Amino acid sequence: MLEKEYYPQQIEKKWFDIWEETKPYKVDENSDKPKYFALSMFPYPSGKLHMGHVRNYTITDVIARFKTAQGFSVLHPMGWDSFGLPAENAAIQKGANPKTWTLENIDYMTKQLKMLGLSVDWDREVTTCLPDYYKWTQWLFLQLYKKGLAYKKNAPVNWCEKCATVLANEQVIDGKCWRCDSEVTKKNLSQWFFKITQYSEQLLADLDKLTGWGDNVKTMQENWIGKSTGAILKFKVKELEDVEIPVYTTRADTVYGVTYLVVAPEYKDIEKLTTPENLKAVQEYRENAKKMSEIERLSTDRVKTGVPLGTHIINPFTGRVCPIWVADYALVDYGTGAVMAVPYHDERDFAFAKKYNLPMIQVITGEDFKEGECYIEKGTLINSKQFDGIDAVSARDKITEFAKQEGFGEFKTQYRLRDWLISRQRYWGAPIPIVYCEKCGEVAVSEESLPVLLPEDVDFSVKGKSPIETSATFKETTCPKCGGRATRDTDTMDTFVCSSWYYLRYADAKNADKCFDRDLVNKWLPVDQYVGGIEHAILHLLYSRFFTKALRDCNLLDFDEPFANLLTQGMVLKDGSKMSKSKGNTVDPDEIYANYGADTARLFILSDSPPARDFDWTDAGVEGCYKFISRVYRLYSKFQEKIKLDYDFDIKNLSKKDDDFVREVHIAIKKITKDIENEFQFNTVISSYRELTNSIYEYIKAESEINYDVLSFGLLTLLKLISPVCVFMSEEIYSSLGATKSIHQEPWCQFDENLAKTSAITLIVQVNGKLRDKLEVPQGLDNSELEKLALAAPKAKEFIGDKQVVKVIVVPNKLVNIVVK
RNA sequence: GCCGAUGUGGCGAAAUUGGUAGACGCAUCAGACUCAAAAUCUGACGUGGCUCACCCCACGUGCCGGUUCGAGUCCGGCCAUCGGCACCA
């Protein structure tokens, strides 16, 4: 029996316990239904769920439940991105054990997720910090290593002093650390990289395949990969025999205007290229550049500086001798680290040349050209010998082609993307499975001996080195090759490595012998719908795409894009700004569960904005949703004795009122189904719930006229339609009505296209495009009848007056526009 | 600077993709029930005009212009906000 009023706490506790016991969402691996993989970006176990999580997982859950009802075999898993710095910081600050700290957080948050009513198959839970997972992270590292896709090199890398570790390029935001926001500096260190640049072109080209991704994310990735096409041109050094400086340029058309050449401060042969008289100044300049932070260095409005090396290059096109300068506006890790300078046609070179009084040669002219101003617009070539008069854009290829024939140039495609730096000098991560042997050098750990376990005997209080280095047992080992003495690599992997493949593990989460079974992965993947925050547009989403392509090339997978459809949900705001602890405007999910129940939280977080847009949490809004659910509940409570699960009626023998009501129900099914299928517009879905509820309340007003078969149809339809959102309430009501099955196992409602139309339509009558009258007319009249009716409409007549009817436009079943003069 | 998104009542937003602008809510106001309050129910709610007897008229989707019988929707030119990239040669 249903209570008279809605008490969510009792209902939700009851079904929480039942679902915990019966595991109704366990995936049936033998099902012959088509598969559907619904995935949320897995959480970091920070301690407590926040409203962003609630929004993310509710969206995915409703999708999973909808697809289940539509007859798909749905995989909807959950896991924990559980390595990372916060656990280690808790260890340093509070003396906690990172593992205990993390696992306790996972326990608490798991309960919170279950209370949210997610239809997750918890038997497939994946936890990246446990050895049965990171064993395979290490194994995958070795596969990439064997393929030459993981390598170690000494390079200037991003260093965060506060986190005491290196960072990937993607983790440096505006020159600051993505985690702690402190300034990042460059350090020369020997570090592990994944060769993501080998996939630059594929990662870019395959964006076109991702029709289920938003343009915002795709453009962000496109910008990050940063493809440009141009040329390498080689300049001989006048003072040094057989020394050439290659430059990369996208403007080969301006090569006749080169008046000097710039190398980056870190350029490798810079001292060789410097004359003895200039050496001291150059060295000083390099030292200064080194000291500068990334933020200072990359500031575009900084005054450009540089010093001459004293040597010169010879422009092979003109024979002109030009000085070589070192200047920090040239970047060592883009192109060749050297730039040909054309002051007249490049703003940066122009500013530099002005400051140091270097010559300028104009080689392009056009309509907007002004004497003495930098000219970067389109135009035609001048002062360029045989290329004079050619359009600048087509001259690029012609000049490069010429350079190629003459042996001092070639075509070149350049990407901005850098290799992914994956080693971290931190404890709480997957150890890199590499040892260093006195005899054999760098050696991979054998696959049989995985996992390389994280040591427990570490001291977190030491400063200046990774805690892992303090272990007495970890470092010393034997070489897998020769059996001699060897030491382990003490770095761990970036947590983004762990999260670059977790979606694959869900297909075969408990496999102890393999990373995953190939057939199972090929069966479930790619992910049909991925849901998560926009903050991963580049980081996680680019890394995962790279991993998928690399593993395909390791012959482990048969597909090359991991996520077919991507939904990036907006932020959850409170009072117009992002919820954050420092602002004190957070809302605790536990409190919402306790006061209103999870169903209200789920309904509200979907109700006010489309999923991709930011969502403003308001107390009044939650209150409103709670009232609505209560209003729905009371309908079933009131009629529980009269509702027939096996209702039956003949549509042809209904009263006008019943017929209209049945039509409204069909219209609601159609609208809701379409809105979910079309980009998951849950806000309008919920509007339709409310409209249907209002219709039902309208229908029951005259109690003596109620047809209980028709009412049962309406109520049971509403119950199923609302069940993906209000999962506890709908289950409670359905079981109280005597159903033997769960509402969540019932198929989705079907609508009849003929019944999903009102019996009469409102004909809009316009005169000269302005609304003048509305007429109630039957469905399906032909155009001439509609025209006749419209012309006879009294208000229309008034506006036509004695003017002449020039034309009448009829839109069937909708509108008539009378054009008069 | 380049790229992407967005712009509609007091607020969140709808609008079958060129056909009634503001569905559905929130807030507000008024009324019913009540000794009273809460809850619930009913009604009003873009702006301006009209004695406004709830009929009607004009205006109205960031701004200016265009196409069309008809534009929130399409085209051209701007403006603003948010986000990404940026001394990338």
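Numbers restart at 1 for each chain; the letters A, B, ... are given by sequence-line order, proteins then strands. In this text, all values refer to a predicted model and were calculated from it rather than measured experimentally.
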Using a 6.0 Å cut-off, check whether atom CD of A:Glu347 has over 12 heavy atoms from anything other than its own residue. no
Look at the side chain of A:Lys770 against the base of B:U20 and say whether a donor-acceptor pair falls under 3.5 Å; ignore hydrogens and angles.
no
Taking B:A21, B:G84, B:C87 as options, the one with an atom nearest any side-chain atom of A:Asn223 is B:G84
Between A:Gly621 and A:Thr219, the residue closer to the 5' end of RNA chain B by nearest nucleotide is A:Thr219
- Under 6.0 Å from the CD atom of A:Gln804, do we count more than 12 heavy atoms belonging to anything else shown? no
| field | Base B:A23 to side chain A:Ser687, donor-acceptor N/O within 3.5 Å cut-off | value | yes
* To do: Please confirm whether any donor atom in the side chain of A:Glu347 sits under 3.5 Å from an acceptor in the base of B:G1, or the reverse.
  => no
Of B:C24, B:G19, B:G4, the nucleotide closest to the side chain of A:Val811 is B:G19
What's the gap between B:G9 and B:A44 when it is taken at their C1' atoms, as a whole Å value? 15 Å
| query | When the P atoms of B:A21 and B:U61 are considered, how many whole Å apart are they? | reply | 12 Å
Rounded to whole Å, the CG-C1' distance (A:Leu771 to B:G19) equals 11 Å
Handout entry: Within 6.0 Å of NZ in A:Lys290, more than 12 heavy atoms from elsewhere
Key = no
With rounding to the closest Å, how many angstrom separate the P atoms on B:C64 and B:A15?
26 Å
Q | Interatomic distance at P, B:G72 relative to B:U67, whole Å | A | 16 Å
When you look at NZ of A:Lys803, are more than 12 heavy atoms from neighbouring residues, nucleotides or ligands closer to it than 6.0 Å?
no
inquiry  = Other residues, nucleotides and ligands only: do more than 12 of their heavy atoms fall within 6.0 Å of OH on A:Tyr697?
reply    = yes
Separation of B:G1 atom P from A:Tyr329 atom OH, nearest Å, is 21 Å
The residue, A:Arg631 or A:Leu815, whose nearest nucleotide of RNA chain B is more 5′ is A:Leu815
A correct dot-bracket answer for RNA chain B, with pairs being Watson-Crick or G-U at under 3.5 Å, [ ] for crossing pairs and | for inter-strand pairs, is (((((((..(((......[....))).(((((.......))))).((((......))))..(((((..]....))))))))))))....
Of the listed B:A89, B:G84, B:A23, the closest approach to the A:Ile538 side chain comes from B:G84
Looking only at B:U16, B:A27, B:G19, the nucleotide nearest the A:Ala620 side chain is B:A27
Rounded to whole Å, the OH-P distance (A:Tyr689 to B:C24) equals 18 Å
| task | Considering only atom C1', compute the distance from B:U40 to B:C33 and round it to an integer number of Å. | result | 9 Å
Which of B:A14, B:G12, B:A89 is nearest the side chain of A:Ser228? It is B:A89
Review point. Can you tell me if the side-chain N/O atoms of A:Thr762 get under 4.0 Å from OP1 or OP2 in B:U20?
Key: no
Notebook entry, point to check: Looking only at side-chain N and O atoms, does A:Lys795 come under 4.0 Å of OP1 or OP2 in B:C56?
Noted result: yes
Checking A:Phe682, A:Phe615, A:Phe628, A:Tyr596 against A:Phe604 for ring pair (Phe, Tyr, Trp, His ring centres under 6.0 Å), the one that qualifies is A:Phe615
If you apply the rule side-chain contact (heavy atoms from CB on, under 4.5 Å), what do you find for A:Leu539 with A:Gln171, and how did you get there? CA-CA 8 Å; A:Leu539 287 155; A:Gln171 292 165 335; 3.8 Å; yes
A:Arg690 CZ to B:G25 P, in whole Å, measures 6 Å
I'd like the P distance from B:C26 over to B:C74, given in whole Å.
32 Å
Out of B:C85, B:C69, B:C57, minimum distance to the side chain of A:Arg772 belongs to B:C57
| field | Separation of the P atoms in B:A80 and B:A27, to the nearest angstrom | value | 36 Å
Side-chain contact check for A:Asp215: nearest option of B:A5, B:A14, B:C56 is B:A5
inquiry  = With a sphere of 6.0 Å drawn around CD of A:Glu679, does it hold more than 12 non-hydrogen atoms of other residues, nucleotides or ligands?
reply    = no
Testing B:A89, B:A13, B:C3 for proximity to the side chain of A:Asn683, the answer is B:A13
Can you label the angle between the A:Trp178 ring and the A:Phe496 ring as parallel, tilted or perpendicular, going by 30° and 60°? tilted
Side-chain N or O of A:Gln681 closer than 4.0 Å to phosphate OP1/OP2 of B:A15: yes
Out of B:U40, B:U20, B:G19, minimum distance to the side chain of A:Lys774 belongs to B:U20
Of the candidates B:U20, B:C57, B:U16, the side chain of A:Phe799 sits closest to B:C57
Quiz item: A:Lys304 side-chain donor-acceptor pair to B:C87 base, under 3.5 Å: yes
